[in-house]
Amino acid sequence: MQRRMNKQTVLKFSLYISYFFVGILFLFPLLWVLSLSFKTSKELYNVPPTLLPDNLQFENYKHVIENNNILAYLGNSVQVVALTVILTLIIVLPAAFALSRFKFKLKGLLLLGIILTQMISAVVISIPLYRLFAELGLLNNFAILIIVYVAVVLPFSTWFLKGYFDTIPIELDEAATVDGCNKFQILTRVLLPSSMPGIVSVTLLVAVQSWSQFVIPFILLDMQSLYPVSVGIVNLQSTQQAVTTHYLAAGSVLSILPVIVLFVLLQRFIVGALTTGAVKG
Amino acid sequence: MSVKNKNGLGQSKMKKRISNSALPWLLPLLSVLVFVFLFPVVEIVRLSFTNATLNGGEYSYTLDSYISLFTNPGFMQMLIVTGIFVFFSITFQMLFGFLVALIIDQGEKWNLKGTVLTRTAVLTAWAIPGVIIGVIWQMLYNETDAGIINYLLSIVGIGPVPFLSDPTTALIAVTFANVWRGTAFSMILIYAGLKTLPSDVIEAAKIDGANAIQRGMKVILPMLTPMLLINLVIISIDTFNTFDMVMALTGGGPGQSTEVISLSIYNSIFNQFNLGQGAATSVVLLTINVAMTIVYILFLGRGEKNAA
């Protein structure tokens, strides 16, 4: 018994050690950028590099906000992401309802077709769209851009919500039908209220993925004032030199701050979303 | 699919059948998918058989793009770079993902502190946009004496390493950053898989005298296999399609040493204006995408059968 206890203590201890190393491996890059973002240009060249800045240079943040349009980029991202989430839900809720509750020919094939679209490279689809939009004068058009954003997240959202609706007993629908509900009312009064956790999960996954979206705006936008933050940062990167790394770091921190805050606050939902999505495939 | 058999429908039933059609519910979804996926795919295949340039103008149909692609040593080189990037990315993402999932799952069973914090730390990498990850790692890989990784390596007597200026190390550096980025996804899938394992089966194996390694290899691993295969296909496709992180980290350089297939497509079209060649390369990537999806669907079918 004593030996067994000791063995378990050793195991627990080594688990703690590995948590420490895994934590450092994943947090250190972020903390380093945070540290760079508060350094002076001179401190960037300290040899050996210092872990912490001597003083917190909030001026760096002020600089990128005043000179590099970071707030405008962030505003564009918020706008695109919010509209993408709303439009995605409007399209995906009825579609998932039909895929979960209706029986029709070719349903299996349709579901597989939806998976296939999920796997197609965004670079590949952006090229013909670029040509088409250029011809129609639709480049730099936010509404069109959002439709492409929505298309990219539709496949997994559809599968996810269809899976969620499948878990809600069909007896509830039948009871509602007896009470005189039509299909639309079944969706809005029966399925929606009982699927709130699933809808929140999809919203979060769509929001995080759309915030990260890069290829599509990179190719379909050439007007700088419309850039979302992902493209804005690459633009900032291309105009920066080694002496201004602290500004690039400050811009990077600003651009990931919203997702990190959202993520830490709603971690449980996101882990839940990723794991239920995973289990259902 | 047990469609209610309603041969010989009456008028009113016919009406009912139309109102019960799934099509109106699916129409918005289908229109968007056709417009954003089907049309571009057909178009890119068509363009791959032309000598079109990005600037527009007349073009004619030809096989030249494919011929020049397959006779160009640069194309093989690019496929090799992509292959190395994908192979090592997915191998280590799954390996680290598995290890982290195991230690977190075990820690939760023992009520250890720090499991949520560790999980959050790993998952943060998943939430950060790929381009920002590229920008961040470019700073970490700074090759001057002020670079942090080179400094840390110098403490243990290694380096300085020319992370991004030497072709070989650049490919390793890009792959490492991609492993850092992608470990979270594999971790969370495997973690979810571990949660669904029936604990009574594992207990039974314990009672039968199986030690931890035997339980892992003979009981847990086989039960996780369908999930691991699905995970493998998803991350392979994602890695083949990687563009943003590499673009921000190296832009494909030095030379073309880290030019993975998506970057190669982008460069052909938007830097060399060679639409035909870019489209032909796109068709190669699409073929990979479709082949992997078929594998995915096969695994998915098998996984569902196993679960049933």
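Chain letters run A, B, ... following the sequence lines, proteins first and then strands; every chain starts at 1.
With a 4.5 Å cut-off on side-chain heavy atoms, A:Val33 and B:Leu140 do not count as touching. You'll find the side chain of B:Trp110 reaches within 4.5 Å of the side chain of A:Leu11, heavy atoms only. Using a 4.5 Å heavy-atom cutoff, the side chains of A:Phe214 and B:Met247 are in contact. In this structure, the side chains of A:Arg131 and B:Leu47 come closer than 4.5 Å at one or more pairs of heavy atoms. When side chains are defined from C-beta on, B:Ile128 does not count as touching A:Ser212, because their heavy atoms never get closer than 4.5 Å. Looking at heavy atoms from C-beta onward, A:Ile127 lies in side-chain contact with B:Ser282 at the 4.5 angstrom threshold.
Counting heavy-atom pairs closer than 4.5 Å to chain B, the top residue among A:Ile24, A:Val208, A:Ile125 is A:Ile125. Among B:Val283, B:Val32, B:Leu23, the residue with the largest count of heavy-atom pairs under 4.5 Å with chain A is B:Val32. Top candidate by heavy-atom pairs under 4.5 Å with chain A, chosen from B:Leu275, B:Leu117, B:Leu27, is B:Leu275. Ranked by non-hydrogen atom pairs under 4.5 Å with chain B, the options A:Leu236, A:Leu262, A:Ile233, A:Leu248 are led by A:Leu248. Between chain A and the options B:Phe240, B:Phe35, B:Phe96, the largest number of non-hydrogen pairs under 4.5 Å is found for B:Phe35. Comparing A:Thr158, A:Val259, A:Leu154, A:Val229 by how many heavy-atom pairs each has under 4.5 Å with chain B, the most go to A:Leu154. Per-residue heavy-atom pair counts under 4.5 Å with chain A were compared for B:Ala127, B:Ala184, B:Pro40, and the maximum is reached by B:Pro40. Counting heavy-atom pairs closer than 4.5 Å to chain B, the top-ranked of the candidates A:Val148, A:Thr117, A:Val123, A:Val215 is A:Thr117. With chain B as partner, the option from A:Val264, A:Leu132, A:Val234 having the largest number of non-hydrogen pairs under 4.5 angstrom is A:Leu132. Counting heavy-atom pairs closer than 4.5 Å to chain B, the top residue among A:Gln237, A:Met119, A:Gln213, A:Glu135 is A:Met119. When the candidates B:Ser154, B:Gly114, B:Gly134, B:Pro129 are compared by the number of heavy-atom contacts under 4.5 Å with chain A, B:Pro129 comes out ahead.
Neither the backbone nor the side chain of B:Met292 has a heavy atom closer than 4.5 Å to any heavy atom of chain A. If you measure heavy-atom distances from B:Val135 to chain A, the contacts under 4.5 Å come from both the backbone and the side chain. For B:Ile269, the part sitting under 4.5 Å from any heavy atom of chain A is the side chain, from C-beta outward, and nothing else. Contacts of A:Ala122 with chain B are absent, with no heavy-atom separation under 4.5 Å from either backbone or side chain. Contacts between A:Tyr19 and chain B at a heavy-atom distance below 4.5 Å involve backbone atoms as well as side-chain atoms. When heavy atoms are compared at a cutoff of 4.5 Å, A:Trp32 approaches chain B solely by way of its side chain, counted from C-beta outward. Interface residue B:Val122: backbone and side-chain heavy atoms are both found under 4.5 Å from chain A. Proximity to chain B is limited to the side chain of A:Ser255, based on heavy atoms less than 4.5 angstrom apart. Contacts between B:Leu99 and chain A at a heavy-atom distance below 4.5 Å are absent for every atom of the residue. If you measure heavy-atom distances from B:Ala248 to chain A, the contacts under 4.5 Å come from both the backbone and the side chain. Neither the backbone nor the side chain of B:Val42 comes within contact range of chain A; no heavy atoms are under 4.5 Å apart. Using a 4.5 Å cut-off between heavy atoms, B:Ile44 touches chain A through backbone and side chain atoms alike. When heavy atoms are compared at a cutoff of 4.5 Å, B:Ile294 does not approach chain A at all. Residue contact with chain A, scored on non-hydrogen atoms closer than 4.5 Å, involves the side chain of B:Phe39 exclusively. Both the backbone and the side chain of B:Leu112 have a heavy atom closer than 4.5 Å to some heavy atom of chain A. For B:Thr183, the part sitting under 4.5 Å from any heavy atom of chain A is the side chain, from C-beta outward, and nothing else. For A:Ile120, the parts sitting under 4.5 Å from any heavy atom of chain B are the backbone and the side chain alike. With a 4.5 angstrom heavy-atom cutoff, A:Phe20 does not touch chain B via any of its atoms. For B:Phe270, the part lying under 4.5 angstrom from a heavy atom of chain A is the side chain only. Looking at B:Val233, there are no atoms closer than 4.5 Å to chain A (heavy atoms on both sides), in backbone or side chain.
Smallest separation of non-hydrogen atoms from B:Ala121 and A:Leu27: CB-CG, 3.7 Å. Nearest heavy atoms, A:Phe102 versus B:Ser21: CE2-O, 3.6 Å. Closest heavy-atom contact between B:Phe37 and A:Ala151: CE1-O, 3.4 Å. Between A:Ser252 and B:Ile132, the shortest heavy-atom contact is CB-CG2, 4.1 Å. Annotation for A:Pro29 and B:Ile136: closest pair O-CG2, 3.9 Å, computed over non-hydrogen atoms.
The structure places CG of B:Asp244 at 10.5 Å from CZ of A:Phe218, a figure rounded to the nearest 0.5 Å. Considering CD1 of A:Ile17 and CD1 of B:Ile103, their distance stands at 11.5 Å, rounded to 0.5 Å. Taken to the nearest 0.5 Å, the CZ atom of B:Phe243 stands 6.0 Å off from the CD1 atom of A:Ile219. The structure places CG of A:Leu110 at 6.0 Å from CG of B:Leu26, a figure rounded to the nearest 0.5 Å. Note that OG1 of B:Thr124 and CD1 of A:Ile256 are 9.0 Å apart. Values are rounded to the nearest 0.5 Å. Between A:Leu99 atom CG and B:Leu29 atom CG the span is 7.5 Å, to the nearest 0.5 Å.
With hydrogens and angles disregarded, a donor-acceptor distance shorter than 3.5 Å links the side chain of A:Tyr16 to the backbone of B:Lys113.
Taking the six-membered ring for Trp and thresholds of 30 and 60 degrees, A:Phe26 and B:Trp180 have nearly parallel ring planes, at less than 30 degrees apart.
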